[in-house]
There are 2 protein chains.
Amino acid sequence: MTTAAAAAPRLDPRVARSRAAVLTATVQLLIERGIAGATVEAVAARSGVAKTTIYRQWPDQPSLVLDAFSSLLAAQEPPDTGTLREDLLQMLRGLAAALTTSPAAALMPALIDAAERQPAYRALHHREAEARHSSLRTVLGRGIERGELPPGTEVDLLVDLLAGPLFHRRWVSDRVLDDHFATAVVDTVLLGTHRSPHSNPRTGGPRC
Amino acid sequence: MTTAAAAAPRLDPRVARSRAAVLTATVQLLIERGIAGATVEAVAARSGVAKTTIYRQWPDQPSLVLDAFSSLLAAQEPPDTGTLREDLLQMLRGLAAALTTSPAAALMPALIDAAERQPAYRALHHREAEARHSSLRTVLGRGIERGELPPGTEVDLLVDLLAGPLFHRRWVSDRVLDDHFATAVVDTVLLGTHRSPHSNPRTGGPRC
DNA sequence: ACGTTTCGCTACGGGGCCGTAGCGTATGAT
DNA sequence: ATCATACGCTACGGCCCCGTAGCGAAACGT
C-alpha cells in the first residue's frame, strides 16, 4: 500500500503551482543571463516564490537548473511520408525552425558548455541529444529498408552530416537558416550518399 | 612629446612577464572552470601575480578573459596540393585533430555561450570563425576555378556542410572523430555537390 | 470545521568576489 | 648612482549569493 501510494502521489496544488512558477522563471533567467545568472535568489525574485520554498523542493541550484533544462525536452515524432527525402526535409526544416525561433534553443550552448565540465549536465545533454537523434535514426532506417539508401550505410555518419550543418550555421557561421538551407543539406547529403563512397565502393550505385 | 612616446612604447620586461603569466593562468582556468571560474582572484592566485597588478593592466574581468581568448587565435594557412579533395582532406583532418586534442578547443562552447548574450564575446567569436572559414573559402574558390566544382556553387553552404559535421560529432554526438570520419565527410559532400546542390523539389529530389 | 501541510516573511552567519588605496620593495632605464 | 616605474602585500567597504532557522498566515484534504 505504501508503495502504491508513492507510485501515484496526488500532488498538493500549492506544490504544483510554486513548482511551475519556479521552473518558468528559471528558464527565463537561463535564457536571459545564462546558467551563472540563474541564481536561487534571482529565481525567487522573478517567480514571486519565496527563496525558502524553493529550497524545500530543490536541494541546491544545480538541481533546479537541471530540472528546468529537462522541462524543455520535446522530441518530435519521426514522420513517415513514404519517402526518405520527404521525411528528412520535414525533420530538418522543423529543426531549422526550432533553432532559429524557439527561445529554448538559445540555451543549448550553455548546456554544451556546462556538459564540458560537469557530469550531471553532461548526462542530461547526452540524453536530450539521443532523444533527438533517435527519430532521425528511425527515418534513416526506413530509408535503408526501402532501398533508398545502400544497405551498408553508416547511420551515425548521416546523423552528423544532416544535423551538423544546421548547428554550425546557427552558432558559428551566423547566416540565414531557413527551409532553403535545410533542403540543400538534405539533397547534398542524399546525393553524396547514394553511391556510398566510403563504405562499399564495389557495388556501385543502387540504381543510377 | 606624449604622443610621440606613446607611438613606439618598448615594453617594460616586468610588464611583459606578468602579462604572460596572467594570460596563461587565465586560459588554464577558463578550460578547467569555464568563464565564471576565471575570476580575477583565482587568476591572481594561480599566476602568482598580485591582484592589484592585474587591475593595473586590465580594467575588469571581461577584458582579461577576452584577451585570453584572443591569445589563442591560430588560423591555419590554406593548403594548396593541387586537388580540391586533397586540400579539403588536409584541412578537415587538421580540424578534427584540433577539436579532439587541443585543450583550447574545449572552451569553444564557452565562447559560443557567452556570444549568445554579450556583444563583446559575440564580436570575438565572429572574428575567430571568420578567420577559420576564410582558408576554407580560399580552397573552395580554387576548386571552382579548376572546374572541380560547378561554377554556381554556394561556398557558404559548403562551409557549413564540411565543418558542421565535425562540430556536431564533437559536441553533440560525442562519438569518434578521426581521419576516417573527416574523409567520409569530404567525400560525401564532394559527391553530393558534383551535380546540382539542390535539385528541383517538384520531381522529388535527386533521384537518378 | 478540523488538523495538516505548505507557504511567505524576516533575519542570520558565512563566504566569495569586486575594485581601490596606501605603502614599502624590487626591478628596470639612463 | 640615480630616478622612475612596476611590483607584492595588506587591508578595506561593498555587493551578491549561499543555505538555514523560526514564525505566523494561508491553503489544502477529509
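Chain identifiers are assigned alphabetically (A, B, ...) following the order of the sequence lines, protein sequences preceding nucleic acid strands; residue numbering begins at 1 within each chain. Side chains included, hydrogens not; waters and symmetry mates left out as well; all remaining heavy atoms used.
- Each of C:dG19, D:dT10, D:dC18 was ranked by its minimum atom distance to the side chain of B:Thr52; first place goes to D:dT10.
- Comment: B:Arg46 does not engage B:Glu41 in a salt bridge, judged by the lack of any side-chain N to carboxylate O separation of less than 4.0 angstrom.
- Checked by atom type, the side-chain pair A:Thr183/A:Arg93 shows a donor-acceptor distance below 3.5 Å.
- Rounded to a whole Å, the CZ atom of B:Arg14 is 8 Å from the C1' atom of C:dA26.
- Taking atom CD on B:Glu41 and atom C1' on D:dG14, their separation rounds to 13 Å, with Å as the unit.
- Among the heavy atoms of the strands lying under 4.0 Å from B:Ser18 are primed sugar atoms or P, OP1, OP2 only; no base atom is included.
- For a distance-only test at 3.5 Å, the side chain of B:Lys51 fails to qualify as a donor-acceptor partner of the base of D:dG8.
- Looking at heavy-atom distances under 4.0 Å, A:Arg17 makes contact with sugar-phosphate atoms alone, never a base.
- Closest approach to the A:Thr53 side chain among D:dC18, C:dG8, D:dA6 is made by C:dG8 (side chain taken as heavy atoms from C-beta onward).
- Residue A:Arg56 places its side chain closer to D:dG22 than to any other of D:dC18, D:dG22, C:dT20.
- Looking at A:Thr53, its side chain never comes within 3.5 Å of a backbone N or O of A:Val49 through a donor-acceptor pair.
- Nearest-nucleotide assignment on DNA chain C puts the 5′-proximal partner with B:Gly37, out of B:Gly37 and B:Pro13.
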